[in-house]
Each structure stands twice: as structure tokens, then as C-alpha cells.
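Let me begin by presenting the structure, written as C-alpha cells, before commenting on it.
Computed from a prediction, not measured in an experiment: that's the story for all the values here. In what follows, every heavy atom counts, from backbone to side chain, and hydrogens, waters and symmetry copies are set aside.
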There are 2 protein chains.
Amino acid sequence: MKKSPLDSSAMTEHGSPSGRRGRWRSGEQSRQRILDTARSLFRQHGYGGTTVRAVAAAAGVDPAMVFYFFGTKQGLFAAVADMSADFPPAVDEVFAGGLDGVGERIIRTLVELVDKSDRAPLATITRFAPTHDQSEALLREFIDREISGRLRALLDTPDAAMRVAMVNVQLLGITVARYVLRIEPIASASADELVTRFGALVQHCLTGELP
Amino acid sequence: MKKSPLDSSAMTEHGSPSGRRGRWRSGEQSRQRILDTARSLFRQHGYGGTTVRAVAAAAGVDPAMVFYFFGTKQGLFAAVADMSADFPPAVDEVFAGGLDGVGERIIRTLVELVDKSDRAPLATITRFAPTHDQSEALLREFIDREISGRLRALLDTPDAAMRVAMVNVQLLGITVARYVLRIEPIASASADELVTRFGALVQHCLTGELP
DNA sequence: CGTGAACTTCACCAGGCGATGAAGAAAAGA
DNA sequence: TCTTTTCTTCATCGCCTGGTGAAGTTCACG
């Protein structure tokens with residue numbers, strides 16, 4: 001039934017493109033082009049709004065090749081979505097520095113990370129997954145695991161949960177304002193300016209006096 | 001298949017507008033049911049993810065009726081979207097009270113308005129319009145007109161734009177956290193708690209000392 | 001060379017989509 | 001009553017969708 005070679009990780013022996021002893025036929029290149037194109041289109045138009053044929057056309061490939069490599073449209077999406085779990089390096093430093101100045105660090109990391117990642121706002125995940133429920137659950141888990149969990153570990157006050165949640169509100173608000181809706185002057189502000197503006201605010205949410 | 005002979009329950013709309021003498025056959029009811037169903041489905045699945053047939057089925061109506069009343073799918077969407085410009089009453093009071101305590105008022109109005117409106121987050125507009133670009137521009141304009149513009153009129157400091165933008169970040173963050181992603185404990189918090197937590201924060205963004 | 005696997009193309013299907021047009025059925029107006 | 005307007009249904013169109021199967025085509029390897 002399915003003859004699709006889905007587990008591509010088995011043959012990850014390519015150091016450089018077309019490096020397979022002289023030359024290789026081209027299969028991996030096509031696969032990669034489909035993958036890149038699909039990721040771009042999924043982000044732009046969402047899952048339902050992206051057709052396999054459109055991906056194939058944009059990648060300069062026959063539509064059947066998409067099914068040859070990924071089996072189904074869901075398989076293609078799964079292959080694209082899997083590659084999105086690869087930016088833990090800088091995040092650790094944010095929380096490693098302790099509670100002092102964590103506000104500035106968290107804002108700086110968020111903004112710089114997303115800024116340089118070629119228009120890849122986290123919130124785009126929301127329009128990314130097959131169903132909205134799925135994508136929302138995905139993003140909620142991510143936030144809880146990577147941000148809330150670690151922040152909560154730094155606090156031991158009784159209202160830690162609410163304080164952390166207020167930080168989440170800041171992060172979500174900045175992300176939506178700057179990257180999704182592009183509201184001025186947030187969208188055009190420099191990273192430094194956002195850090196000075198919101199760093200103190202986040203710090204206040206964590207360690208300041210709350211009503 | 002079935003044509004349920006209309007249960008005449010609570011048709012509160014026409015008082016006398018199209019005063020077609022006493023009762024009317026039923027057309028307006030069908031129209032309204034299609035409209036309500038469509039609005040719900042558009043919000044849940046977006047424009048592309050909602051089919052005319054699904055709307056018709058959920059409304060208990062023949063698909064052709066949708067086209068009879070609204071012409072095209074875009075026409076249906078337009079009819080649904082147009083009704084979203086009908087909540088200016090409470091908003092005016094927020095800004096009429098002056099700068100003092102505007103933070104609490106704006107949070108309270110936002111939360112209570114959205115809470116009681118049967119799961120109708122503003123940010124849902126993002127997944128609402130035919131294209132994402134359209135919906136984003138729509139929402140951006142709305143925010144600028146209804147919130148930023150009025151807030152800016154209350155301030156005359158040189159950094160008014162940034163202060164207002166920071167308020168927007170709060171509002172967007174709360175909306176996304178509470179209604180879209182449903183992050184705890186924001187999602188389950190009472191309106192009063194959110195007002196006390198974020199009211200002061202918003203007020204600080206507007207009138208407090210900024211770095 | 002030949003064989004066979006990896007890759008590519010093409011023809012095609014079943015189904016759902018938005019949309020149309022004509023034929024009913026029920027109330028309004030005469 | 002008959003006629004007209006309004007609403008409802010049904011059959012159908014053309015298009016595009018995700019997906020399949022079978023032919024090529026190109027290369028590695030014996």
C-alpha cells in the first residue's frame with residue numbers, strides 16, 4: 001500500500017549537496033525542495049489553504065512526487081512540522097542567569113531569536129497545524145514547557161502561577177503586535193528599545209509588587 | 001428530507017423595520033440561521049476551512065439557499081463580517097472618564113465584553129477573513145481606530161505612541177492568552193482578578209515612569 | 001553488458017467544492 | 001379565484017482536490 005520512504009533519517013549521510021561520490025541522482029534535492037516549499041506555503045496559507053499541487057508546482061515537481069516521498073498530505077505536514085524543534089541553545093541561558101535581570105534577557109532572547117529567523121513568528125504555529133485545536137494545544141504545551149515551567153522554578157511565591165502567566169501575556173502580546181499584526185511603533189522598534197521598554201515590565205511582573 | 005415547520009422562538013429582531021404586516025413567511029428566519037451558523041463556523045475553521053455545504057447542513061437548509069440569500073460564499077462572509085461593527089456603546093465610556101483609572105476600565109471592558117459575547121475573541125478575526133493579509137489589516141485598522149487613536153488623544157507626552165503601543169501589547173496578550181490559547185490561570189481567572197492584575201499594569205504603561 | 005532499485009512522469013479516478021437554473025410550494029395581492 | 005412574489009428543493013455542471021498505478025527514465029552495481 002504505502003511504499004513511501006518516510007524515515008529519511010536513516011540515510012542522512014550527505015555532508016554536502018550532491019556529495020555522494022561524484023554525483024547522486026537527485027532524489028534528495030527534490031525532497032528538500034518540496035520540504036522547503038511546503039513549509040513556506042503552510043505558513044502563508046495554513047494547512048487547509050495549501051494544496052499538494054501548489055506545493056509541487058512551486059517546487060517545480062510533479063504532484064505525484066509529493067506522495068512518492070511523503071505518502072499523504074498529512075505526511076508532508078508531519079515532515080515539515082518535525083523540523084521545528086531546534087532552538088534550545090539560547091533559551092537555557094535566559095533562565096540560567098537567575099531571577100535578577102531575567103526580564104531583559106527573556107525579551108532580548110525572544111526578539112532577537114524571532115527577528116533573525118526570517119519571519120518565523122511563534123504565533124504562526126497557530127495557523128500551521130491541520131486543525132486549530134491541534135495547533136493551539138501544541139503552542140500551549142510549548143509555552144508551558146519551555147517558558148512557564150522554567151520561570152515557575154525560579155519563583156516560590158504563592159502567586160507564582162499568576163506572575164508567570166502575566167509574563168506569558170507580555171510575550172504573547174509582543175509577538176502578536178510585532179510579528180503578526182505589525183503594529184507601530186512596536187513592529188519597527190529596535191530590539192534594544194523593546195528590551196528597555198518591556199524588560200522592566202516583565203521584571204516587575206515577576207519580582208515587583210502586585211496589587 | 002425534512003422540513004421542520006419552524007419553531008417560532010425568540011425572534012427579537014424585526015420590531016417594525018420591514019413592517020410587512022404581522023408575520024412573514026419564514027425567509028428571514030432561514031437567513032438568520034444561515035448567518036449565525038456561518039459566523040460560528042467561520043470562526044472555528046476559518047474561511048477556507050468552512051464550506052457552504054457545511055454551513056447549510058448545520059443550519060438545516062439546502063445549500064442552494066445560501067446562494068439564494070447571499071449570492072456567493074464571499075457574499076456570505078461579507079454579510080457575517082459586517083455585523084461585527086456593533087459594540088460601540090461601552091467603549092465610549094472607557095475613554096470618556098479621562099486618564100484617571102482608564103487602565104482598570106479598559107481591561108474590565110475588554111474582558112467583560114468578550115466574556116459575555118459567547119466566545120468571540122477579537123483575535124479570532126485573524127483566522128476569519130478570506131486571506132490572512134486581509135484579516136490582519138482589518139484588525140490592525142480596528143485597533144488603531146478604536147483603541148490607539150482614542151488613547152493617544154488622552155496623552156500628549158512625546159512618547160505617547162510607544163505608551164499606547166504598550167497598552168496594545170497588554171490587550172493583545174490578554175486576548176490571546178485567555179481566549180485563543182486558554183493559558184492558565186489567565187483563562188479561568190475572574191474578570192475582577194484580571195482587572196486588578198492588569199489594570200495597574202496598563203495604567204503604568206500610560207502614566208507611570210518608563211525607562 | 002544486464003538487472004534492479006531509485007527517481008520521474010503521465011493518465012486517471014472518486015469525491016467534494018462553489019455555483020446555476022428550473023421546477024415546485026406557500027403566502028400576498030388582486 | 002388567479003396571479004405574483006417569495007421561499008425551497010433538486011438535479012446538475014465544471015473544476016479542483018487528495019490520491020493511485022503503471023509506465024518510463026536514470027543511474028549503481030554485478
Give the rounded distance in Å between these two atoms: CE of A/Met65 and C1' of C/dC10. 14 Å

With salt bridge (charged side-chain N to carboxylate O under 4.0 Å, His left out) as the criterion, how do B/Asp36 and B/Arg39 come out once you've worked through the C-alpha distance, each side chain's angles and the decisive distance to 0.1 Å? CA-CA 5 Å; B/Asp36 293 341; B/Arg39 180 163 47 174; 3.7 Å; yes

Choosing from D/dG21, C/dT8, D/dC10, which nucleotide comes nearest the side chain of A/Tyr68? C/dT8

Do the side chains of B/Arg108 and B/Glu112 get close enough for a salt bridge, i.e. N-O under 4.0 angstrom? yes

Considering only C/dT9, C/dT8, D/dG18, which nucleotide approaches the side chain of A/Arg53 most closely? D/dG18

B/Gln29 has an atom CD; how far is it from atom P of C/dA27, in whole Å? 13 Å

Let me know the distance between CG of B/Leu76 and C1' of C/dG18, rounded to the nearest Å. 12 Å

For D/dC7, take OP1 and OP2 only and decide whether either is under 4.0 Å from a side-chain N or O of B/Ser30. no

Taking for A/Ala64 and for A/Ala54 the nucleotide of DNA chain D with the nearest heavy atom, the one nearer the 5' end belongs to A/Ala54

Measure from the side chain of A/Lys73, starting at C-beta and using heavy atoms only, and say which of C/dT9, C/dC17, D/dG18 lies closest. D/dG18

Ranking D/dC10, C/dA19, D/dT8 by distance to the side chain of B/Asp62, first place goes to D/dC10

From CZ of B/Phe69 over to P of D/dT9, roughly how many Å is that when rounded to an integer? 10 Å

Between B/Phe42 and B/Phe77, how do the two ring planes meet: parallel, tilted or perpendicular, split at 30° and 60°? perpendicular

Rounded distance (nearest 0.5 Å) linking atom CZ of A/Arg163 with atom CZ of A/Arg152: 14.0 Å

Could you state the CZ-P distance from B/Phe70 to C/dA19, rounded to the nearest angstrom? 13 Å

Can you tell me which nucleotide in D/dT17, C/dC17, C/dA19 comes closest to the side chain of B/Thr51? C/dC17

Rounded distance (Å) that lies between atom C1' of D/dT8 and atom CZ of B/Arg31: 16 Å

Looking at CD of B/Gln32 and CD1 of B/Ile34, how far apart are the two atoms once the value is rounded to the nearest 0.5 Å? 10.0 Å

The side chain of B/Phe67 is closest to which nucleotide in this list: C/dT20, D/dG18, C/dT8? C/dT20

Separation of C/dG18 C1' from B/Phe77 CZ (nearest whole Å): 17 Å

